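The structure follows.
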Amino acid sequence: MIYTPQNTDEIQSILAQAMDSQRPLYACGTRTKSGMHCQVSAEDSLSMEHYSGIIDYEPEELVLVVRAGTRLDEIDQLLAKHNQMLAFEPANLSKMFASEHGGTIGGIIATNLSGSRRISAGAARDYLLGFDAISGRCDQFKSGSRVMKNVTGYDLSKLMCGSYGRLAILSDITLKVLPKPQTVQTVCLTTDTLAEAQASVSQAFTSSVEPSGGAILPVADRFTSYIRLEGVAVSVADRLTALKNILDGQGEVSVLEADESTLFWQQITNAEQLASSSGQIWKLSIVPSALPQIIEIISSAHTCSYIADWAGGLVWLNCEISDTAASSAIIRNAISAHGGGHAHLVRGEAGEHIAKFQPQPEQLAMLQSRIKTAFDPLHILNPDIMGHEVPDSTARADAGEKE
Amino acid sequence: MLLPNADQGILDRRAEIVSALKSMLPAGCVIDDDKSMSAFDTDGLSAYRNQPLVVVLPETTQQVADVMRWCRDNAVKIVPRGAGTSLSGGAIPLSDGVLLGLGKFNKITEIDYENRAVTAQPGVTNLGITQAVQDEGFYYAPDPSSQIACSIGGNIAENSGGVHCLKYGLTTNNVLGIEMVTMDGEILRLGGKHLDADGFDILGVMTGSEGLLGVVTEVTVRILRKPASQRALLVGFDSAQEGGQAVSDVIAAGIIPAGMEMMDGPAINAAEDFVGAGYPREAAALLIVELDGPETEVDFLINAVSEIVKKAGATSIRASTSEAERNQFWAGRKSAFPAVGRISPDYLCMDGTIPRKALPEMLTRMASMSQKYGLRVANVFHAGDGNLHPLILFDANQPGELERAEEFGADILRNCVALGGVLTGEHGVGVEKRDLMGEMFTEDDLKQQQRLKCAFDPQHLLNPGKVFPVLHRCAELGRLHVHHGKLPHPDIPRF
């Protein structure tokens, strides 16, 4: 059964029924990114695709309130009319998953999926000011607000971002929006080694040219770094000159003008360079300076193509890693040996030895499980979406006890 | 303002508790004599004082974990404390609770310029981080007014802001990772020098949790390259309405200044009397707009903002032409609190946030409240993000004035919520605004927040009496009621 509620009363009814019958729900939007997560142990779905539309938009307050099922392209169009944007640059993975569009804002929040500007402007989690939701206990609740600065109560918005719908069904979502930069240019630098490329990007980010993006693409046997500069035209022009001076002598330099830049960063944000190839796609969040070492370890064991973003802190990896203990451990071991981070098998099946999401240390996993139980004691919402869950029995007895 | 009643059973066991703590900590890490403990009896909300049961100042994360596990096993409450600068009473001790001070955690453990990250112990001051990296041209962006004294661990607890968070965000937007200890005595690492959480963003919800979910023992923050140049505009208006409109117009033009601060007439004059910053005394509202970045950008935006404020009715506009002049513009704003302290024996500093557009309406309401309560008020705002800091002037030696000032403050916050805003923008709820939480949240909202607390601390041992007006037992919060075979909300129709 697929439920498509149109209002919060209906959402509540569906949840109440799911709880009565102990039939879990696959809570989703338009399922454009369903390949990102594990198989949900639920026969029924609650799709938010018909709970959509703009509730309020106040450009001069930098605030947008939308229903969770609102499509991203609709939001982009509206904001563009007022020269504004979602500054975290939500990724559109439609090419990766062969879907028709980029999905809904609820899906972006559930996956905390941010693009190239993540490194300078923050993630989806930094722009969710507040929300209304229905918990796995069927209670309507809210957190946060519509103002920029708020520390009243726990910041539950952070918990919701990247929670894959495991805690509550978000109904209304309040976002901070920002003005679009007046113009954009990208400096490209070609070097011989990945270490040189990473060092150049790092140098740009530690200088005062204020880059808003830093990507690295392997090209044949060489590497091209892309450094994005955004802002008012006079400033971009000046910083472009300054950046060229900084990079002087490090390799061949060229510039992407505004239109080319816009297109290029869209492709990077959406990992389009890898999307059309078959095989697994991994997303690695790492310490930027560890990029060369981590890539070296992985490349010595597997044939992979990759692109890097976030000044080296994000790697999209396209390869085929077989489901054996030896081969699947290489990526996550390389990360943990070089400063830490995590790896997510964004596209590809989980296996006996391949977890789609980064396995958590035991104590942390237990705390996560207790948090889940605090919102959804009967595990009605998206069970097993991030991998097989073993409900914490003590927490469950405590928090889910029936009278 | 009441703290939970002290548990006589715990008070009776004081000697045993002190001796247990002394046995697990090095000499000098347990303070139990009244005179020494009195240094810890309040925080930045100094109208309230309370002597703790005992003070511990551990030196290592393991010691923090040992203390917390022992307290959990023995049902003893803990109040964590950084530098004790909380303006909402977040670190006010409990007479039946151990005060856990992180003052000895005062070292910067790693500076990593390449990845623009500093790792520090929680007792390092906010400014201490900037000072450690400024010679290399870097700084840590969140800059609460107390930055010279407040600790980075306390900043995490309170999600501290400052005058530059319009452009650079609050603490939560600048923290990359923490090490923390739970009430169970478990040591957890969240985040690091990489971005984003794997699993629930516990780092995100720890930030601003006011010491109720865990104790932070290490912090990794993002540092930024100092902007190439900074300039400020000092703009006077005949009315707060015009000033408020100018703020909206700047944002609507697509400009996000590094800071946008406003002061009203009484605050302007108090500051001018105190430091002589050259503020226009006749102005009803004064706006300081700071722009930072590359020089050409700053010059360009200074002109753009000047045009906008002129159109909005500015009566005076000065743009800083030197660093000295910029600092002079800020001198009055930065000394606004002590300046007000000179014209009144006492003052209460409030901290609501409202939508920017509601600023003129809020000022009108504030004026009539000032009359109603018979107390003066001076206003400084982080106007760019709608965060108000009304200073209510009173004299604590006059019977009833403190109570009246508190009622006035509560009324201001109720009005903030009514205008679409919130109770606190950066100071935290603590004990000060605890009993007003119901103005902003429903019972269900608050219960859900407390269920989260139960996932961390089911016995309510960590900083109880703060943030939540009513403490529900976790078993009660977790229970699901079954009625005629139906679980929650039997009144809701099923599909």
Side-chain angles (χ1 to χ4, degrees), chain A residues 12-14 16-17 19-20 60-61 83 112 122-123 125-126 135 137-139 141-142 145-155 158-159 161-163 179 202 206 208 232 234-235 238-239 285-289 313 339-342 358 360 363-364 368 370-371 374 398-403, chain B residues 113-116 159 161 173 186 188 192-201 204-205 208-209 225 228 248 251-252 254 294 296-297 300 353 355-356 385-387 420-426 428-429 440 444-445 448-449 451-452 454-455 478-482 486-489 492-495:
Chain A
Q12 241 182 334
S13 289
I14 296 160
Q17 182 166 298
M19 292 180 76
D20 291 348
E60 69 287 355
E61 293 284 327
N83 235 347
N112 190 30
R125 56 93 89 177
D126 296 295
S135 73
R137 307 175 55 92
C138 206
D139 295 331
F141 72 105
K142 67 172 179 299
S145 70
R146 303 172 51 137
V147 295
M148 301 291 127
K149 217 168 161 189
N150 172 25
V151 295
T152 322
Y154 298 133
D155 191 357
K158 298 290 183 292
L159 269 189
C161 286
S163 68
S202 167
T206 49
S208 55
V232 294
V234 284
S235 167
D238 267 23
R239 285 182 283 146
S285 176
I286 61 173
V287 180
S289 64
H342 43 91
Q358 181 81 17
Q360 305 272 328
Q363 304 296 351
L364 195 54
Q368 303 248 358
R370 293 198 300 271
I371 292 172
D398 244 23
E401 172 193 340
K402 291 182 206 172
E403 243 179 11
Chain B
Y113 290 113
E114 199 180 1
N115 294 302
R116 296 180 298 139
N159 190 13
N173 312 111
E186 284 161 4
L188 304 177
K193 289 188 216 163
H194 60 279
L195 296 172
D196 295 338
D198 44 338
F200 296 131
D201 187 356
V205 82
S209 62
R225 169 65 70 173
S248 287
I251 304 267
T296 42
E297 175 178 329
F300 174 84
T353 306
R356 268 183 297 268
D385 37 36
N387 187 196
V422 301
L423 296 174
T424 171
E426 55 184 359
V429 176
M440 187 170 151
D444 278 347
D445 298 339
Q448 190 52 57
Q449 294 196 30
R451 285 189 193 103
L452 177 71
C454 295
R479 210 164 278 149
L480 287 166
H481 296 266
V482 184
K486 286 180 173 180
L487 267 165
H489 302 281
I492 292 174
R494 267 56 174 173
F495 257 60

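Since the structure is predicted, the reported quantities are computational estimates derived from the model, not experimental observations. Sequence lines set the chain letters: A, B, ... in the order given, protein chains first and strands last, and positions in each chain run from 1.
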Nearest heavy atoms of B/Leu423 and A/Thr152, plus distance in Å
N-OG1, 3.6 Å
Interface moiety of B/Gln449 toward chain A, non-hydrogen atoms closer than 4.5 Å
both
Pair B/Thr353-A/Asn150, side chain to side chain contact (heavy atoms under 4.5 Å, CB included): steps then yes or no
CA-CA 7 Å; B/Thr353 306; A/Asn150 172 25; 5.7 Å; no
Check each atom of B/Arg116 against the heavy atoms of chain A and say whether the ones under 4.5 Å are side chain, backbone, both or neither.
side chain
Sort A/Gln360 into side chain, backbone, both or neither according to what part of it lies under 4.5 angstrom from a heavy atom of chain B.
side chain
Which atoms of B/Asn387 approach chain A - backbone, side chain, both or neither, heavy atom under 4.5 Å:
side chain
Grab the two heavy atoms, one from B/Gly421 and one from B/Pro355, that are nearest each other, plus how far apart they are.
N-CD, 3.9 Å
Look at B/Asp444, B/Asn159, B/Ile251, B/Val422 and state which one has the largest set of heavy-atom pairs under 4.5 Å with chain A.
B/Val422
Under 4.5 Å from any heavy atom of chain B - which part of A/Ile286
backbone
Atom group of B/Asn115 that falls short of 4.5 Å from chain A, counting heavy atoms:
side chain
A/Glu60 to B/Ala252 - nearest heavy-atom pair and separation:
CB-CB, 4.0 Å
Given heavy-atom pairs under 4.5 angstrom as the criterion, report whether the side chain, backbone, both or neither of B/Tyr113 touches chain A.
backbone
Where on A/Val232 is there a heavy atom nearer than 4.5 Å to chain B: the side chain, the backbone, both, or neither?
side chain
Listed by chain and number, what are the salt bridge (charged side-chain N to carboxylate O under 4.0 Å, His left out) partners of B/Lys193, not counting sequence neighbours?
B/Glu110, B/Asp112
Could you walk me through whether B/Asp385 and B/Glu426 satisfy the side chain to side chain contact (heavy atoms under 4.5 Å, CB included) test, starting with their C-alpha distance in whole Å, then the side-chain angles of each, then the deciding distance to 0.1 Å, before giving a yes or no?
CA-CA 11 Å; B/Asp385 37 36; B/Glu426 55 184 359; over 6 Å; no
Sort A/Ser289 into side chain, backbone, both or neither according to what part of it lies under 4.5 angstrom from a heavy atom of chain B.
both
Sequence neighbours excluded, which residues qualify as disulfide bond (SG atoms under 2.5 Å apart) partners of B/Cys454?
B/Cys474
Considering only heavy atoms, which portion of A/Asn83 lies under 4.5 Å from any heavy atom of chain B: side chain, backbone, both, or neither?
neither
Between A/Ser285 and B/Asp196, do the side chains contain a donor N or O and an acceptor N or O under 3.5 Å apart?
no
If one checks every heavy atom of B/Leu188 against chain A at 4.5 Å, the contacting part turns out to be side chain
